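Accompanying notes for the structure given below.
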Amino acid sequence: MGKLFAVEIIYRGVFQKTLAKNITRGIVLAARDEGKFGLSFGRYGDSPERNGIPAKSFAIVADDELTLEAGMAQYEPKQVDLTVVLDDTLCKGAESWAWYGLQPVHHALKPGSTLVVVSLQDAPALLKTIHRREEPYKLGVLKGVTSFSGMWVYKDDHTDVRVLGAIAKALPEVVSLKAVEQFITEKLKNALKVTSAKTAYDRFKPMDVKPGEGNPEETFKFEFPGWTNMRQGVSIKGQPQGGPYRDPVSLEVGGFRPARNELFKKYSTRTERPVVNFATCTKCTLCWLNCPDASFDVTPDKTYDANLEACCGCGVCEAVCPVENCITMVNESQFTDNKSQWVAYREDKDAYLKWLEKTIKSAEPVEKRSYGFRYRGQYKEQAEEALEIAQRG
Amino acid sequence: MTTTFVEEKPTQNLEPFKGVKKVPYEEYFTSGHRTCEGCESAQIMRLMAKAAGPRTIVLGATGCMYVANTSYYSTVWGVPWMHTQLGAGGSSALGTAAALRVLMRKGVLKDEPINVIAFCGDGGGADMGLSAISATMTHPDYNLLILLYDNEEYGNTDIQISGTSPYGVNTSFSTPGKVKRIMHHRWKKNVAPLILAGHPTCKYVGTISTSYPLQAMNNIRKALSIGGPTFIHCLNPCPKGWDFDPYIAFELGELAVNTGIWPLYEVENGKLKLHGKTEQIANGRFKRLPVRDYLLKQGRFAHFTEEDIAFFQSKVDEMWEKWLVPGVIPLQKDLEG
Amino acid sequence: MATLTMPVEEVKKVQEQEALITGAEAIAIACKLANVDVVTAYPIRPYDTVMQYMSQLVADGEMDCEFIVAESENSQFEIVKHASVCGARVFCGSSGIGWMYAMEVLTVTPALRVPMVCLVGNRALDDPGAFGVEHNDALAVRDLGWLLNWVDTAQEAFDTALISYRVAEDRRMFVPCAISCDGAFLTHSQALVKIPTAEQVKKFLPRYNRGDLLLHPDNLISVAPQANEDWVMEIRRQNYAVTEHACDVIREVYAEFEKTFGRKYGNPFFEEYMTDDAEVVLFGMGTLSTPVKVAIRKLREQGKKVGFVRLRWFRPFASAEIAKCLERFRAVGVIDRDLSLGAPDLSGVVATEVRSAMYANAKNRPPVLDFICGLGGREVTVPDVEKMTDIVFQAANGKSQPLTQWIGLRG
C-alpha cells in the first residue's frame, strides 16, 4: 500500500469555481508527471453552487492506483494533508449547503499540516478569525489580492500557479516544484507563470500555530433529528412573523425585525458587509426595500440596520443608496463580530462615527478586489495590478 | 340578461401601496435562503409575498427559487408554501384554488378570499409548464396568479438555455466554440403577449422588474384583486448565470428596461398600459439606450463581436419600430389592406 | 374508529337499491356517495367512461364537486394532488399510456402523503396503440408507495372504491390508492350492483381530515423543500413505515365495511375459489377469474381437483397470508396478464412476487409456474385454462415444466 494525499481547496462558490478547478486539476496533472495517480472533484454537497457560498474542491493523489481507491467515492475526505483558502474572509469558517454546521477552515487538516491562505494580511491578523484547535498546524499566507471572477469569464491573474508553487513548498510529497514547473511549461505553455509559481514557492514561509491559538468562538453545530421525530409528508413548520425593535437608550420600542431562518445564517457567505452612517441616513427605505435577503432591521427611529445574521454582502444596498457614503461595503476581514451597528450608534454616536471612518479607511488596502464581471477589459487591468502586488510580495 | 355559468368569487381586493414608505414591514419570505449574493429572483419572491400578505398560499415549481430558497429542513416562507413539479405551475394553482372553492362552498373551510400564487421559472413557465399554464388561464372562475420569474436560463443545473434565453447567450449548452461563436440563435419567447393573445378571458397580464419594486408589488396586488386567473412575467438579473458583480444587479434591471429589451406594461381587461420609461420610449420622450450598455456589463455576452451586438440592437429596434404594438405585439405595422 | 361503525341490527335497515351498471359507473356512484370534492378528467379509453358518468352526475346536480377537464394526464393528476393537500377528497384516473404520462406526479404523491384515489382502466401500453387489457400500466407504480388493488365485478368495484378511500385517508396511511379495472370486461359491460344509501356511506367514510399536513394560511407549513443526502433516507423510511402497517389497516377497514354494509369479503387480500380440497391452484388478478371459474367447474366434473386464488391487493403484497394459502397445494400456476421483460426466469410480475413471498414465508414450497396470457386484451378462454391446469398437474406429478410459458399465442 502506497501513500495517499488529500489537498482541500476552500473557495467562494462560483466566484472562484474555475480557479479552484484549475488548482486541483493542476495538482493531479503535475503529480502525474512524477508517476503518481490522482483525481480531482468538487464537493457534491455544495452543488448547485451559489455566488459567495463557501464551497470545496479536492485533489487526491496516490503513489499507485490501488491506494487511490481509498480516496474515491466520498463527498469530502475526512482528513486532508493540506488546505488552501482562496479568500481570506473564509477564515471565519465555511458553511455549505449540507448540514455540516459551520466548519472551521482547518477542521479536516491533519495535525502539523499546513493551511495556505491567499491574503494581503499577515498570519497573526488572520488568526484573529481562524478558530482555535487542539492540534498544532502551520499557517502560511500567499500574499495576493483575492481572485474573484465568474461563471464564464476567468480572471487569469496567476493565482492558480502561485497556489501550486506554495503547495510544492508545503507538501513536496504531492508535487515538487520541478513537477509544477514542468506542468506549467508543457500544459499551460506560459513562461511568466513558471516565474510566478517559483516566486510563490520561494516566498512561502508558513508559521507554527500552537494548540489553542486563534478565535475562541464556538462554531455553529447541528443536531440531526431521526425519521421518527421528523414531521410527516416532507413538511416543516413555516416562519413566524417578526416583531418590533427595542432602542437600547430610549428603550422605545418600534420599527420591525423579521423572524429569520435560525438554521442558516450567512456569516460565512459574506465577503463584504455594509457599514451604515445612521447620521446621514435619510430614511428613504431603498436599502431595506431592495435587499434580496431581507437583512435590514427597521429601527424605532426608522433608519435601517443591516442584520449580519442575514446579510450575504451583495452590495445592492450601497448601489441603491442615494446618499453619498451613507452605506459603504467593507471587506469582511475587518470584523470579528456580527453585532448591531445601530445599537453601537445609539449607545455612543461619536465613538461609532469615529469607528466607522477608521473602519472604512483601514479596509482600503484589501478593497482592490472586485466581486465579478462589470465591464469588458476589467479582468485584464486587475490581473496586471494583482500580479504586480504579488511580485512586490 | 344572459345567464352565465361562471361563478366568480370575491378576492381580497388589495389596494395599491401608496409610496415606498407605505410598504408594510412584515416579511413572508424572510432571510436565510441559500440564493446567490444579489439574487433578484429571491427579491421578487420577497416582494411577491409582501404584496400578497398573510392570507396566501404559494406553490413553487422546481427551479432556483425552489432548490435554493427552501432547502429542507429549514424554510424562509412565512405563508404556507408547497413545492410542485417543474411543469405544474398552472396545475398546482388550479388544484389549490379548486379545493379552496369547493371546501368553502361545502362549509368545511371558513369562506374567505385566499390568494393563490404559483411561481415558476422560465424553465417551468415558458418551457415545460406552458401547456398547463395555458389551460389554467382558461378557467374564469378560479382566482389565482401565475408569476413567472425569468432569469433567462436553467440556473440550478449549471446554467443552460431556456425558451427565454436571449440570442447568442453563453450557457453550458451554448458555450462559444472554435467554429461556432453563437450556439444559441433563437430569439427570446415573448411570453406575456402569448398568454394575453391566447386567453381572451384572462383579466390581467403584465410584466414587472425587481428594479421597480413598488410598481412590481402594486401590479401583483392588482393581479390578485381583479379575479380569475392572472399572469405576471418578471425579469430577474442573475449574478451567477449572467456573470456579473452582484453589486450591479439592480442597475442591470433598469438597463433592461431603458434599452427597450424589457418593456414594462400591463393589460387589464384588454386595455394596454405601458409603464415608466417604457411608456416614455413608446411616446418618444426617452431615447432608448444602446443595448451594448446592457450586454457589455455581463460575462455571458463577453464573446459578442460588434456584429453580434449590432444584430441584437437591430432586433430590439424592430420591436419598437416595426411592431403593431411597439415592444408588445410582434405583428408588423404595415399590414396588407 | 369504533364510533363510526353502526350496530349490527341497523345493518338490516340499510335501504339498498339495485342497479344495472358498469364497473366504471359503479365507481362514479361510489364517488358521488363519498361526496368527493375535486374530480379531474382527461379522455382515454377505457377508464374515461367513469368520467362520462361523473360529468352527467354533476350536470344533473346529483354530485357537488369541482369537475375539471385537464389538458393532459400530467395536469389531471397534479390538480388533484394539490387539491388533496388542501383538504379535498379527490378522484382521478387514467389508462395505459395516459397513466404513464402522469408518471411524474404518480411518483411524488406517496412521499407527499396524498391519499388520492383513482381508477386505472387497465390497458396495454403503446406501441402499438391498443385498447385491450394488460396490467403493466398500473403495475408501473408498484415500487413507489401506491396502494394497488384489482377488482373483478361491478359490485366489487363499487365496494372497493369506498374501501380505498377509507384505507388511503387513514392517518396511519395517507398514501394514494389505485383501483384497477380490466378494460372492456369491467369498464364497459353492465351488471347488477347493490347501492347503499348516502347515510350509510357517510357513516363508513368520515370527512377526510388532513390535520397538521393541511396547506392553509391557518396551518403555516412548507411542504417538500429540496433535501440533500442528509435527509432523504429518513424521509424514505417514513414512507416505508406506511407499508409496515398497511395490511393491518386494510384488515380493520374490511371489518368496518362488513359491519356497516353487511357484505362479506372474508380475507381482504385475495379470494379463494374451490380451494378446500384442491390439489393444484391457478392464481391471478382481475376479470380473468370468470373464464377460470367456469373452466374449474368443468374440470371438477372430470374429477380434476383444481382451485383458484384471485389476488385483490397487489400492494401491499400480503406475503405471509399468500404463502400460507399456497403452501397447501402440490403446484401453483400463476396467470400473468403482464410482462416483466428480463425478470427472473423471464416470468411476469405476479409470478415473481409470489415466488419471492413463498421463498421466505412458506413451510412447503410447491412448484410455481407462470403463464403469460391474455395480453393486449386477448380473451383468456376456457380451453386456455384447461391447458394451464393440465400443465400445473403435470408439474405437481413431478414432470418438470418450463417456469414460464405463453398461452393462447399463435406460433
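Letters A, B, ... are given to chains in the order of the sequence lines, protein chains preceding strands, and every chain is numbered from 1. Since the model is a prediction, treat every value here as computed from it, not as a measurement.
- Once rounded to the nearest 0.5 Å, the distance linking SG of B:Cys39 with CG of A:Asn51 reads 9.0 Å.
- One finds the OH atom of B:Tyr247 at 9.0 Å from the CD atom of A:Glu272 (value rounded to the nearest 0.5 Å).
- When each of A:Leu286, A:Val14, A:Thr285 is scored by its heavy-atom pairs under 4.5 Å with chain B, the top score falls to A:Thr285.
- With a 4.5 Å cut-off on side-chain heavy atoms, B:Lys240 and A:Pro48 count as touching.
- With a 4.5 angstrom heavy-atom cutoff, A:Cys284 touches chain B only via backbone atoms.
- Using a 4.5 Å cut-off between heavy atoms, A:Ile236 contacts chain B through its side chain alone, with no backbone atom that close.
- Taking chain A as the reference chain and counting heavy-atom pairs below 4.5 Å, the highest number among B:Cys64, B:Ala249, B:Ser172, B:Pro80 is found for B:Ser172.
- By number of non-hydrogen pairs under 4.5 angstrom with chain B, the leading residue of A:Met151, A:Gln378, A:Arg374, A:Lys237 is A:Arg374.
- For the set B:Trp77, B:Phe244, B:Tyr28, B:Tyr72, the count of heavy-atom pairs under 4.5 angstrom toward chain A peaks at B:Tyr72.
- When heavy atoms are compared at a cutoff of 4.5 Å, A:Phe222 approaches chain B solely by way of its side chain, counted from C-beta outward.
- Every pair passing salt bridge (charged side-chain N to carboxylate O under 4.0 Å, His left out) that includes a residue from residues 32-52 of chain B is listed here, sequence neighbours excluded: B:Glu27-B:Arg46, B:Glu27-B:Lys50.
- At a 4.5 Å heavy-atom cutoff, B:Pro176 makes no contact with chain A through either its backbone or its side chain.
- With hydrogens and angles ignored, the 3.5 Å screen pairs a side-chain donor or acceptor of B:Asp243 with a backbone N or O of A:Val153.
- For a residue to count as touching a neighbouring chain, one of its non-hydrogen atoms must lie under 4.5 Å from one of that chain's; by this rule B:Met45 does not touch chain A.
- Taking OG1 of B:Thr35 as the start and CG of A:Asp293 as the end, the distance is 5.5 Å to the nearest 0.5 Å.
- For chain A, no part of B:Tyr212 is nearby; none of its heavy atoms comes within less than 4.5 Å.
- At distances below 3.5 Å, at least one donor-acceptor pair connects side-chain atoms of A:Trp152 with backbone N or O atoms of B:Gly241.
- For chain A, the option among B:Val67, B:Asp158, B:Leu214 with the highest count of heavy-atom pairs below 4.5 Å is B:Val67.
- Residue A:Phe373 holds its CZ atom at 9.0 Å from CD of B:Gln298, rounded to the nearest 0.5 Å.
- Among B:Val76, B:Val20, B:Asn170, the residue with the largest count of heavy-atom pairs under 4.5 Å with chain A is B:Asn170.
- Put simply, the side chain of B:Asp245 does not reach to within 4.5 Å of the side chain of A:Phe148, judged on heavy atoms.
- The distance from atom CG of A:Asn261 to atom OG1 of B:Thr75, rounded to the nearest 0.5 Å, is 7.5 Å.
- By number of non-hydrogen pairs under 4.5 angstrom with chain B, the leading residue of A:Arg376, A:Lys302, A:Arg260 is A:Arg376.
- The heavy-atom pair separating B:Ser31 from A:Ala294 by the smallest distance is OG-O, 2.9 Å.
- Other residues, nucleotides and ligands contribute only 12 or fewer heavy atoms inside 6.0 Å of the OH atom of A:Tyr44.
- Distance check: A:Leu263 CG to B:Ser74 OG gives 5.5 Å after rounding to the nearest 0.5 Å.
- Residue A:Lys265 does not touch chain B at all, counting heavy-atom pairs closer than 4.5 Å.
- At least one donor-acceptor pair closer than 3.5 Å links the side chain of B:His33 to the backbone N or O of A:Pro292.
- Heavy atoms of A:Glu318 lying under 4.5 Å from chain B belong to its backbone as well as its side chain.
- Ring planes of A:Trp99 and B:Tyr73: perpendicular class, angle over 60° (limits at 30 and 60°).
- Ranked by heavy-atom pairs under 4.5 Å with chain A, the first of B:Ile248, B:Val79, B:Thr171, B:Ile44 is B:Thr171.
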Q | Derivation and outcome, side-chain contact (heavy atoms from CB on, under 4.5 Å), residues A:Leu289 and B:Lys21 | A | CA-CA 10 Å; A:Leu289 184 61; B:Lys21 303 228 163 160; over 6 Å; no
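- More than 12 heavy atoms of other residues, nucleotides or ligands sit less than 6.0 Å from atom CZ of A:Arg231.
- Here A:Pro225 is the residue among A:Gly313, A:Pro225, A:Ser149 with the most heavy-atom pairs under 4.5 Å with chain B.
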